[in-house]
There are 2 protein chains.
Amino acid sequence: MESLLQDALRIQKIVVPEMMTVFFRRYEILNTIASHEPIGRRSLSVLLGIGEKTARNEAALLQDKLLIHIDNQGMYITHEGRKVLEDAEPWVYKLKALDDTQKELAAVLSVKKVIISFRETNNKMLILQETGKKAAEYLKSIICEDMTIGITGGSTMAATVKEMPKSNHKNKNITIVPARGGLGEDVEIQANNIAASLAEKLNCSYKLLHLAENLSKELLESLKEYPEIRETIEGIQKINVLVFGIGRADVMSQRRHLKENHRILLKEKGAVAEAFGYYFDKKGKIVDVVNTVGITLDQYSGLEHVICVASGVEKATAIKAVSKLNPNLVLVIDEGLAKSILED
Amino acid sequence: MESLLQDALRIQKIVVPEMMTVFFRRYEILNTIASHEPIGRRSLSVLLGIGEKTARNEAALLQDKLLIHIDNQGMYITHEGRKVLEDAEPWVYKLKALDDTQKELAAVLSVKKVIISFRETNNKMLILQETGKKAAEYLKSIICEDMTIGITGGSTMAATVKEMPKSNHKNKNITIVPARGGLGEDVEIQANNIAASLAEKLNCSYKLLHLAENLSKELLESLKEYPEIRETIEGIQKINVLVFGIGRADVMSQRRHLKENHRILLKEKGAVAEAFGYYFDKKGKIVDVVNTVGITLDQYSGLEHVICVASGVEKATAIKAVSKLNPNLVLVIDEGLAKSILED
DNA sequence: CCTCCATGGGACTAAAAAAGTCCTATATGT
DNA sequence: ACATATAGGACTTTTTTAGTCCCATGGAGG
């Protein structure tokens, strides 16, 4: 009786419209407590951008319903609360019609699947966190024996790995490799670091690639002979799952300290997106490649599992560009980004 | 996905408990407008026992959602509104858990079916009205060709008939007969009058029984020879559907102007319920019979369709007594009565 | 051992929302 | 023409909700 549920939702939206707001607010509060426990009402209120008293009142209600527990350390979620959070999720998606949006987007972009993360807040950190969580969930669901997982750098990937639950049983013959070289960024969000963290979470092995970007061809060639590097390159060639973040071409070229004339060139070529070392224009055509070792576009196009994780409306164009390269793409994005992709 | 709906309800009750109140209030308002249109906000507010401003605010919201239409005559329900009302009904029953109560009661009382009417108000008239409506609905659903429908008197039956929608197509060979004689009550709620009204609503034929109660045996016997009476008696013997109200023995014996000693006798015999001319004790045993023409208990026990309609908590014991006489009984009662039957 | 910091809870105030009340013009039906 | 019930406006009162500040507590770090 799926239609009964649909009816129920329709009628509620009509008859008790204010219910939606309240529901989402409480869901968000509960969710935030769940992921930050123990947390005080003050921290909570600044995190969510709501008043202290509001946080307090809502918390009192949640406590009354035994969904959270409050002591002088702060607020904790209870088992009940966790259960409610889980059970409420499909319900949240229905209410927000995210279910439909996911399918619509997958069709519009011609990709395998779109997963939309949901946070009822404007806090970019929380949104990124939730997106990472969804990405981690999906990644975990597809992992199986003898896989080589390639992963890139960036804050989105960092969030993804952070949200990956720690696995205790030793994972069978799984290897994590950075999808490409490059040391330009903060160490916290470098592909190497992220690959290692992911391996730790998944309790499996990993290989690192200590190669700077923009090396001369000759130097690159000779470095490739080094055993550790060579081994990693072989690993990269074996990648069957790629998890990658995406960036706006202009932002990335700046972050990589490209020379002024190079950046102008990129702009002239219409570069809008950057991912795993490639710059793409609107149509998904390569306009430039970072001169380093890494996964190739040919390899990418043939992969069965490609997961692109992104958060923030500014990445809409980049997403559209990269969606055209592999129909197996799975997109994990936040609600705002999803809407802005659909809107243009 | 029935469980999804269940989950949704459970979670809502927990996370947004106040929603229930609001929903029921609006549902009730919409429902009342539907059955009283055109109605002004003042009449509405006294009818429902809510403040004028409340009625006004809620009406404004319902108007905004296009569920009602307001002009200087008062408020009307729109098509949209009617649809919502219909679609919301199962939802109402689930929320109130009346579904479960219905099944539980049917099991506890060992009867075929229990139908609980629902009105979010303390106004006994509205509750009676709704109970009548449900009874009428059910009766209509089982009517088919060549039936003889017996009906008793009483305000509950009057309400039932009043709520029966008028049928335009000629009903095929259906006859309404009063289930027993008796002229003791107000003409408005006499079985004869009610039978005739029902026949008019169903657009079918009827027979009347003009016989006073408490006639001497001899007189009764000779009256039975009169053609009109004889014909009706034959009709009563053909009854295959009986719709009847029920009363508390003490109340009914008073209303029928029984002699003092007779009433005391009834009390001594443990009479608690009265229905279609019989007085029953707690266990459903007959302790007395009104001396008139009418359906017999033997006949009653063998009927396939027996519908007892009752409203008001004071009838709980009577219901329990009469439930034991025929497992095919269908009970149509209001929410309060249902709960009080379960509680004792 | 002490200090510091974030915590919950209490108390009071300010703001906003809801409800109560009364008035008026209007249309309808007697 | 009149009595009556209607919506809608305006104003007040009540109730609910949110904002703000203070304080005792208890753990973390020095």
[X] [atom1] to [N] [atom2], straight-line distance once rounded to whole Å:
X       : N      : atom1 : atom2 : value
A:Glu58 : C:dG8  : CD    : P     : 15 Å
B:Tyr76 : D:dA7  : OH    : P     : 9 Å
A:Asp71 : D:dG26 : CG    : P     : 11 Å
A:Asn57 : C:dA16 : CG    : C1'   : 14 Å
B:Ile68 : D:dG8  : CD1   : C1'   : 14 Å
A:His69 : C:dT7  : NE2   : P     : 16 Å
B:Lys53 : D:dA10 : NZ    : P     : 12 Å
B:Arg56 : D:dA7  : CZ    : P     : 9 Å

Show me the side-chain donor-acceptor pairs of residues 124-132 of chain A shorter than 3.5 Å, one per line, residues at least two apart or across chains.
residue	atom	partner	partner atom	Å
A:Gln129	NE2	A:Ser35	OG	3.4
A:Thr131	OG1	A:Ser117	OG	2.9
A:Thr131	OG1	A:Ile127	O	2.8

message: Taking the side chain as everything from C-beta on, heavy atoms only, tell me whether B:Val92 gets closer than 4.5 Å to B:Tyr27.
response: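 Touching, per the 4.5 Å side-chain cut-off.
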- prompt: Can B:Glu18 and A:Arg26 be counted as an ion pair, charged N to O under 4.0 angstrom?
  reply: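 Counted as a salt bridge, because a side-chain N and a carboxylate O are separated by less than 4.0 Å.
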field: Salt bridge B:Glu335-B:Lys339, side-chain N to carboxylate O under 4.0 Å
entry: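 A salt bridge is present here (some side-chain N lies under 4.0 Å from a carboxylate O).
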field: Stretch residues 44-52 of chain A: residues that reach within less than 4.0 Å of DNA chain C through a heavy atom
entry: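 Listed by number, there are none.
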task: Give a yes or no answer on whether the side chain of B:Thr78 reaches the backbone of B:Leu66 with a donor-acceptor pair at less than 3.5 Å.
output: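 Checked: pair present.
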Between [X] and [Y], a side-chain donor and acceptor under 3.5 Å:
X        : Y       : value
B:Arg119 : B:Thr32 : yes
A:Gln12  : B:Gln12 : yes
B:Ser45  : B:Arg56 : no

task: Could you list the residues that satisfy side-chain contact (heavy atoms from CB on, under 4.5 Å) with B:Asp99, not counting sequence neighbours?
output: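 Residues passing side-chain contact (heavy atoms from CB on, under 4.5 Å) with B:Asp99: B:Tyr93, B:Lys94, B:Gln102.
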task: Using a cut-off of 6.0 Å, state whether more than 12 heavy atoms not belonging to A:Lys96 lie near its atom NZ.
output: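 Above 12, so yes.
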Within residues 20-43 of chain A, residues whose heavy atoms come under 4.0 Å of DNA chain D: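 Close to the strand are A:Arg25, A:Arg42.
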List every contact pair, protein side and nucleotides 27-30 of chain C side both N or O, where the distance is under 3.5 Å.
residue	atom	partner	partner atom	Å
C:dA27	O3'	B:Gln73	NE2	3.4

- prompt: How would you list all residue pairs meeting salt bridge (charged side-chain N to carboxylate O under 4.0 Å, His left out) that involve residues 64-73 of chain B, not counting sequence neighbours?
  reply: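 The answer is none; no pair qualifies.
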